[in-house]
Amino acid sequence: MSEITARNALPTLERGASMIGESEPLRRVRDQLRRYAGCNAPVLIEGETGTGKELAAREIHYASARSLGPFVPLNCGALSDALLESELFGHRRGAFTDARSSEPGLVEYARGGSLFLDEIDSLSPHAQTALLRLLQNGEFRAVGERPLRTADVRIIAATNASLAATVEAGRFRRDLYYRLNPLYLVLPPLRERGADLRLLACHLLDEAGRRLGGAPRSWSEDALLALARHDWPGNVRELENLILRLCMHCDERRLDLHQLAQAAPAIWGADAQAQAPASVPAPAPEYHDEERHGESGFAAAKRRAIELFEYGYLTELMQRAGGNVSRAAALSGTERRQLGKMLKRYGIERGCHDGG
């Protein structure tokens with residue numbers, strides 16, 4: 001496609017990575033992204049951490065007339081006042097002690113494209129003033145340079161805080177706030193996106209498999225249901241991290257509730273324990289003779305419940321480990337000798353070999 005054709009094409013979100021999902025909240029976001037891609041005004045994107053603010057910014061850029069230009073991301077929280085103006089606007093040789101050569105800033109690097117300013121709420125008052133001058137008239141001055149330069153860049157800013165609340169708290173300039181948000185977008189958290197979770201989980205698992213290599217993996221239905229019950233405070237980023245841990249720690253091609261419990265025991269450990277007794281046969285009844293322990297009533301019921309769980313968990317663990325005690329110890333995070341004692345106690349060790 002020629003440059004002229006590309007710049008005159010109708011906005012499309014097909015270039016590059018796109019947000020995955022078909023929920024109504026995401027459909028509304030996509031509609032806004034397409035509309036915002038059709039003009040050159042600054043955009044302010046708000047949303048919880050991990051909701052995909054940079055991905056949304058990239059979709060706006062690559063669906064716009066600036067798509068052939070660069071997309072330059074910058075984390076404002078990583079900039080000190082001493083570096084801000086040099087990083088954004090560049091500097092002349094000798095402008096400060098370490099300026100051994102003239103260097104362009106990110107505004108120049110993003111010429112003809114988009115500059116994405118993440119964590120915009122973290123800018124200091126001095127940094128806010130420097131950015132305001134750029135947004136007011138589209139002009140800037142490199143550090144150590146007198147002539148003004150004209151910028152050709154679209155500003156897309158993002159924050160996981162409410163920038164309006166930050167303004168009311170006196171921590172952000174009101175005039176800069178209004179310069180940044182002619183166009184405004186709030187990304188929905190993952191917990192409000194319904195069935196998108198299942199689509200994302202499958203997509204991200206496939207992506208992880210392609211990046212890491214190995215056989216394709218899939219989710220069991222109980223694992224998908226468990227994922228849906230979680231509220232995902234870290235949103236899509238939390239889901240990505242979970243899937244990476246699963247792929248690195250588990251050999252199974254089908255991921256179920258027990259693998260989830262291993263990857264995030266604080267979240268799904270109780271679910272896996274509750275499921276285990278129902279999935280395996282009960283232990284030999286002679287082992288649970290209450291009179292043998294001198295117990296009755298509640299104490300006997302409690303002991304039996306614990307033993308039922310332990311027997312069920314160990315039986316299912318050895319099935320997953322293919323009868324290999326060393327591998328079962330690694331899967332369960334238990335020292336092999338201790339696991340061997342538990343297997344012997346329940347009579348499960350018979351027929352389970354290390355295979356080596």
Side-chain angles (χ1 to χ4, degrees), residues 201 205 208-209 212 214-230 238-239 241-356:
L205 186 60
L212 301 173
R217 299 172 187 260
S218 63
W219 298 101
S220 70
E221 187 62 27
D222 67 336
L224 289 169
L225 291 173
L227 293 176
R229 289 192 294 270
H230 185 46
E238 182 185 359
L239 179 59
N241 292 344
L242 169 70
I243 289 172
L244 176 61
R245 287 198 301 273
L246 285 166
C247 290
M248 297 302 294
H249 294 170
C250 301
D251 296 327
E252 291 80 3
R253 293 179 59 180
R254 187 165 180 81
L255 302 179
D256 61 20
L257 184 56
H258 294 284
Q259 279 84 53
L260 286 180
Q262 291 172 29
I267 301 174
W268 289 291
D271 287 355
Q273 290 178 5
Q275 185 193 66
S279 62
V280 294
E286 61 270 14
Y287 182 80
H288 302 281
D289 183 0
E290 288 81 359
E291 294 181 0
R292 174 182 169 186
H293 298 289
E295 297 171 344
S296 61
F298 175 79
K302 180 180 177 182
R303 175 182 290 276
R304 179 169 176 79
I306 292 172
E307 292 171 351
L308 280 169
F309 163 71
E310 289 181 345
Y311 179 85
Y313 175 81
L314 292 171
T315 301
E316 197 270 345
L317 176 67
M318 292 306 294
Q319 290 173 351
R320 285 170 45 218
N324 187 309
V325 180
S326 296
R327 187 176 176 215
L331 287 172
S332 62
T334 306
E335 197 270 327
R336 187 190 181 283
R337 191 164 135 192
Q338 178 64 24
L339 178 62
K341 290 180 180 179
M342 295 178 69
L343 292 170
K344 185 175 181 180
R345 177 186 176 199
Y346 285 101
I348 299 174
E349 196 172 20
R350 295 187 297 271
C352 297
H353 307 290
D354 278 338

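From a predicted model like this one, the values you see are computed outputs, not experimental measurements.
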Looking only at heavy atoms, the pair that brings L242 and A264 closest together is CD1-CB, 4.3 Å

* Got L260 and L227 here, is their nearest side-chain heavy-atom distance under 4.5 Å? -> yes

The reported gap from CD1 in I267 to CZ in R229 (rounded to nearest 0.5 angstrom) is 12.5 Å

Under 3.5 Å, is there a donor on one side chain and an acceptor on the other for S220 and R254? no

query = Is there a side-chain contact between L225 and L257 (heavy atoms, below 4.5 Å)?
reply = no

Heavy-atom closest pair (A223 atom, L255 atom, distance to 0.1 Å) is CB-O, 3.5 Å

Before you tell me yes or no, could you show the steps for E238 and H230 under side chain to side chain donor-acceptor pair (under 3.5 Å), namely the whole-Å CA-CA distance, both residues' side-chain angles and the distance that decides it to 0.1 Å?
CA-CA 11 Å; E238 182 185 359; H230 185 46; 2.8 Å; yes

Scanning both residues in full, the closest heavy-atom pair of Q262 with C250 reads OE1-SG, 4.2 Å

Tightest non-hydrogen contact, residues A263 and R245, listed as O-NE, 3.3 Å

All heavy atoms of W219 vs all of A201, minimum pair found to be NE1-O, 3.1 Å

Donor-acceptor under 3.5 Å (D256 side chain, Q259 main chain)
yes

One should read off an interatomic distance between K344 NZ and L339 CG, to the nearest 0.5 angstrom, of 13.5 Å

Between R217 and D251 the two heavy atoms that sit nearest each other are NH1-C, 4.1 Å

- For S218, does its backbone N or O pair with a side-chain atom of R253 as donor and acceptor, under 3.5 Å? no

